[in-house]
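Here the structure is laid out as C-alpha cells; the discussion comes afterwards.
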Amino acid sequence: MHYQTSRAERASYSAYFVGQNIFYMLVTGFIALFLMNRGISEAAIAGVLLAPKIWDAVNDPIFGIIVDRSHLKGGKFLPWLKLSWVLIPVFTVFLFAMPEHIGYGAKVAWAATGYVLWSMSYTVCDAPIFALPTAMTSNVDERTSILSIGRLFATITSVVITLVVEAVYLSTGWLLLAVVLSAAAMGCMLPILLLAIPVRVIAVLVRVKLGSPVLYSATRIGKGEKPFKMYKFRSMTNERDENGELLPDAQRMTKFGSFLRATSADELPELFAILKGDMAFIGPRPMPIS
C-alpha cells in the first residue's frame with residue numbers, strides 16, 4: 001500500500017487510542033466498584049450510571065452533526081481532540097477525588113455530576129478521533145488500516161488496564177491511581193495533537209526560511225545505552241565562505257532559528273524517537289557518542 005500518511009502520524013493515531021482507552025476502562029470498568037467502596041448502594045449506583053447513557057443517546061448524534069458542520073480555525077477535528085485532552089482527565093480525577101467524609105446525598109450528587117461531565121467530555125473526543133483519518137488521507141484502504149490498528153491497540157489497552165487496576169488499586173488508593181493513569185493517558189494522546197499538523201507547518205517554514213535539508217540528525221545514546229538517530233528541525237542556514245567552509249554558528253543563526261530553539265519547537269521531531277521507545281518524555285537529554 002502507498003501511504004499518504006507518515007509512520008509517525010499513524011503511530012500517534014494508535015497512541016491516542018491507547019490513552020483514550022486508559023480513561024475509558026478506568027472509569028467505565030471501575031466506577032461502580034469505587035462508588036461501592038465509598039458506601040453508595042447498588043441501586044443508587046445504577047441510577048448514576050444510567051442517566052448519562054440516556055443522555056448519550058441524544059447527545060452523541062447531535063455532537064456528531066456539530067463536528068461535521070464545524071469550521072474551526074484549527075480544523076474540523078483537532079480542536080475537539082485538544083479540548084477533550086484537558087476535560088477528560090479533569091473529570092476523571094474529579095470522579096475519584098470524592099471525599100469519604102461528606103454525606104451520602106452529597107456523594108451521590110458528586111458521582112452523578114462527575115459521571116455526566118466525564119461522559120460528555122469523552123463524547124467530545126470519540127466522534128472526532130474516528131473521523132480524523134478522513135482528513136489524514138484520501139486513500140480508503142489506508143483509512144481502514146489506520147482505524148483497524150488503532151482499535152487493536154485500544155483492545156490491548158483495555159485488557160492491560162483492567163489487570164493493572166485490579167492489581168494495584170488497594171495499595172495505591174483510587175485518587176493516586178486516577179492521577180497516574182490520567183497522566184499516562186494524556187502522554188499517549190498528546191502526539192497526535194502536537195505532531196500531525198504543527199510538524200508539517202514548521203517543516204514548510206524551515207524549508208522556506210532556512211533551506212534544505214529540513215531536519216538535522218545526529219547519533220545519540222538513548223534508553224538502555226543504545227545508540228539511535230535523533231532528529232531535530234534545523235535552526236541554522238548552510239551559508240559558507242569563499243572557501244566553501246560553513247560560516248560560524250552565530251552568523252548562520254537567523255531570528256526564525258532562534259525562535260525555534262527558544263520555544264523548543266525544533267525538538268518536535270524527537271517525538272518520533274519517543275514513540276519508537278528510543279527516548280523518554282522525562283529524564284536527561286540523550287548524550288552524543290564520544
Side-chain angles (χ1 to χ4, degrees), residues 5-27 67 72-94 118 121-133 135-137 146-147 149-154 156-158 160-161 164 177-203 215 222-223 228 230-233 260-286:
T5 55
S6 68
R7 183 179 298 177
E9 288 172 326
R10 296 192 297 275
S12 62
Y13 184 83
S14 296
Y16 190 95
F17 273 103
V18 172
Q20 185 190 47
N21 276 270
I22 291 175
F23 285 122
Y24 184 82
M25 288 309 301
L26 174 63
V27 174
V67 171
L72 302 176
K73 185 177 180 180
K76 180 173 287 189
F77 307 121
L78 282 178
W80 300 108
L81 297 181
K82 291 177 180 178
L83 177 62
S84 65
W85 185 77
V86 176
L87 294 181
I88 296 177
V90 167
F91 294 128
T92 298
V93 173
F94 174 83
W118 180 89
S121 64
Y122 190 88
T123 298
V124 169
C125 81
D126 206 33
I129 193 60
F130 277 99
L132 185 60
M136 296 172 67
T137 175
I146 291 171
L147 278 168
I149 295 173
R151 296 309 299 161
L152 174 62
F153 275 89
I156 295 172
T157 301
S158 298
V160 171
I161 292 301
V164 167
L177 182 60
V179 170
V180 171
L181 289 181
S182 293
M186 292 178 75
C188 292
M189 297 164 76
L190 185 60
I192 195 67
L193 308 182
L194 294 182
L195 195 63
I197 303 304
V199 166
R200 288 183 176 182
V201 173
I202 294 173
L215 296 176
K223 293 172 65 176
F228 74 100
M230 185 186 74
Y231 293 94
K232 299 173 66 175
F233 283 120
L260 291 179
R261 291 192 177 187
T263 59
S264 296
D266 63 321
E267 298 180 0
L268 276 176
E270 293 178 9
L271 288 172
F272 300 170
I274 294 173
L275 289 172
K276 290 172 59 181
D278 293 328
M279 293 173 57
F281 274 105
I282 58 175
R285 289 176 176 270

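No hydrogens, no waters, no symmetry mates; every other heavy atom, side chains included, goes into these values.
Put simply, CD1 on I161 and CZ on F23 are 10.5 Å apart, with the number rounded to the nearest 0.5 Å. Note: I88 CD1 to Q20 CD = 6.5 Å, rounded to the nearest 0.5 Å. Taken to the nearest 0.5 Å, the CE atom of M189 stands 5.0 Å off from the SG atom of C125. For the atom pair CG of L26 and OG of S158, the computed distance is 12.0 Å after rounding to the nearest 0.5 Å. Expressed to the nearest 0.5 Å, how far CG of L81 lies from CG of D126 amounts to 10.0 Å.
Remark: L87 engages L83, F91, S121 in a side-chain contact (heavy atoms from CB on, under 4.5 Å) (not counting sequence neighbours). With sequence neighbours left out, the side-chain hydrogen bond (donor to acceptor under 3.5 Å, both in side chains) criterion links R151 to no other residue. The side-chain contact (heavy atoms from CB on, under 4.5 Å) test applied to S14 returns I149, F153, not counting sequence neighbours. Judged as a side-chain contact (heavy atoms from CB on, under 4.5 Å), and not counting sequence neighbours, the contacts of V180 are L176. Y122 meets the ring pair (Phe, Tyr, Trp, His ring centres under 6.0 Å) test with Y24, W118; sequence neighbours excluded. For F17, the ring pair (Phe, Tyr, Trp, His ring centres under 6.0 Å) test picks out Y13, F130, with sequence neighbours left out.
Scanning all heavy atoms of the two residues, the minimum distance from P133 to I146 falls at CG-CG2, 4.2 Å. In plain terms, the two heavy atoms of V93 and A178 that are nearest each other are CG2-O, 4.3 Å. Heavy atoms only, all atoms of each residue included: S182 and P89 are closest at CB-CB, 4.1 Å.
At least one side-chain heavy atom of T92 sits less than 4.5 Å from a side-chain heavy atom of V27.
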